[in-house]
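Atoms within a ligand are numbered from 1 in the order they appear, just like the ligands themselves. All values below were derived from every heavy atom in this structure, side-chain atoms included, with hydrogens, water molecules and symmetry-related copies excluded. What you see is a predicted model; the values in this text were computed from it and never measured.
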Amino acid sequence: MNTDDILFSHGEGDIPFKALSFPIFETTNFYFDSFDEMSKALRSGDYEYVYNRGSNPTTRLVEKKLAALEKCEDARLVSSGMSAITLSILHFLKREDHVVCVNEAYSWAKRFFRYLSKKFDVEVTFVPPNADEVLRALTRKTKLIYLESPTSMRMKVLDIRKITKVAKEQGIKTIIDNTWASPIFQNPKELGVDIVVHSATKYISGHGDVMAGAIAGSKEDMNGIFQDEFKSIGSVLSPIESWLILRGLRTLEIRMKRHYENALVVSDFLFEHPKVLEVNYPMNPKSQEYELASSQMSGGSGLMSFRLKTNSVGKVKEFVESLKVFKLAVSWGSYENLVVPRAAYGDCPKEDVNLIRIHVGLGDPSKLVEDLEQALRKI
Ligand SMILES: Cc1ncc(COP(=O)(O)O)c(C=O)c1O
């Protein structure tokens, strides 16, 4: 199935009243015509529509599209990216298991591992974002490897195939956060990963107005997560939000292509600027990571970071406050142009004071370059 078919028609069938747009099934309940039908549904683990904390037709349609986009057998939408992360981690770990996690994974994912370690004696090894480091940390107790590639602050790329080959040989499950590349540019399942998670708050919804998460994997793993964690923890997404994601998905591919075009223009400018020490954008051929990155991804998103040639917090402050088109705001993945100075965080290490993350949105990239240029002139 090609991407157009997935985004524009897959799973939609005959829509009532010949409406062209798929409806929002805003209902908590689904009724049955007979005792037998009800009993069959209540006894079956995979009967689709009983109660909205399980499945909903609007949500299920989006899940089918996401599964197809990620080339996985099934997918589930949940109420946030963090929920996608925690539900899938919980599914594969039990007391005293060992897990390896890249130390540049999303901060709240790392925090959740620390919580599991304190509360359930899960042993966690955080390693630098590099395949050899991940493999070196494996022990006989390792049950899970948690990856993010590219990472979302320094955009570090992992050799995913190298990690999953060993993980499969040793029966270790792998989860990857694929939010940066989106399913348009990277399909980790094809690189051997078991579970793909997304903050659908970012590109998948794409308009900066929905919080959601997605989990994709094999039928068996997804059914396990659905029965054991999803339904009992209850982090269900409302049908209205699923529908907003459906609307966002229609333009996912063209948005991602535009993010990539814009990001190439902006990163080209930054690579050449004398006041910029380092640029982290792996899908620019000027990046040292390009060879590995382009062997796993077919394009890049709008998220990148760079280091200013200064160690002064004052200069960083002046730079970000001089930007007019880029707004100071966390998150990313929509049409907006955003900036986050690492120095604004309480836990910023000294060596990262000059690290600036930007999200390149969907507008005219020459305006973004102009904005960065005038702000760089000020410092
Ligand atoms: C890479 C990455 N993964 C996961 C998350 C968590 O997603 P959410 O905010 O939707 O819970 C974020 C949030 O910023 C993120 O940047």
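Counting the atoms of ligand 1 from 1 in the order shown, those under 4.0 Å from a heavy atom of Thr201 are 8 (P), 10 (O). When each atom of ligand 1 is checked for a heavy atom of Ser80 under 4.0 Å away, the hits are 10 (O), 11 (O). Annotation for ligand 1: atoms under 4.0 Å from non-hydrogen atoms of Ala212 are 10 (O). Residue contact check: Ser152 has heavy atoms under 4.0 Å from atoms 1 (C) of ligand 1.
Two residues are said to be in side-chain contact when any heavy atoms from C-beta on lie closer than 4.5 Å; Lys202 and Ser331 meet this criterion. With contacts defined as side-chain heavy-atom distances shorter than 4.5 Å, the pair Asn284/Tyr290 does not qualify. Considering only heavy atoms from C-beta on, Asn337 stays 4.5 Å or farther from His359 through its side chain. Here the side chains of Tyr281 and Met155 are not in contact, with every heavy-atom distance at 4.5 Å or above. Side-chain contact check for Val340 versus Ile356: every heavy-atom pair is 4.5 Å or farther apart.
Closest to atom 16 (O) of ligand 1, if we only count protein heavy atoms, is Trp332 NE1, 3.3 Å. Given atom 4 (C) of ligand 1, the protein heavy atom at minimum distance is Asp177 OD2, 3.4 Å. When hydrogens are left out, the protein atom nearest atom 6 (C) of ligand 1 is Tyr106 CE2, 3.4 Å; that is the closest non-hydrogen contact. Nearest non-hydrogen protein atom to atom 7 (O) of ligand 1 is Ser199 OG, 3.0 Å.
In this structure, Arg342 forms a cation-pi arrangement with Tyr345, its terminal cationic atom sitting closer than 6.0 Å to the ring centre and no more than 45° off the ring axis. Geometrically, Arg250 does not engage Phe8 in a cation-pi contact defined by less than 6.0 Å to the ring centre and at most 45° from the axis.
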Quiz item: Under the side chain to side chain contact (heavy atoms under 4.5 Å, CB included) criterion, do Glu96 and Glu123 qualify, and how do the steps go?
Solution: CA-CA 6 Å; Glu96 297 178 1; Glu123 198 189 322; over 6 Å; no
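Considering backbone and side-chain N/O of Ser331, none are found under 3.5 Å from N/O of ligand 1. When only interatomic distances are considered, the shortest N/O to N/O separation between Lys202 and ligand 1 falls below 3.5 Å. Residue Gly81 places at least one N or O, backbone or side chain, under 3.5 Å from an N or O of ligand 1.
In the candidate list Glu148, Met82, Met211, Met211 is nearest to atom 9 (O) of ligand 1, counting heavy atoms.
For the pairing with Ile175, the side chain to side chain contact (heavy atoms under 4.5 Å, CB included) check across Asp221, Ile89, Ile85 returns one residue only, Ile89.
At a 4.0 Å heavy-atom cut-off, ligand 1 touches Ile85 through the side chain alone.
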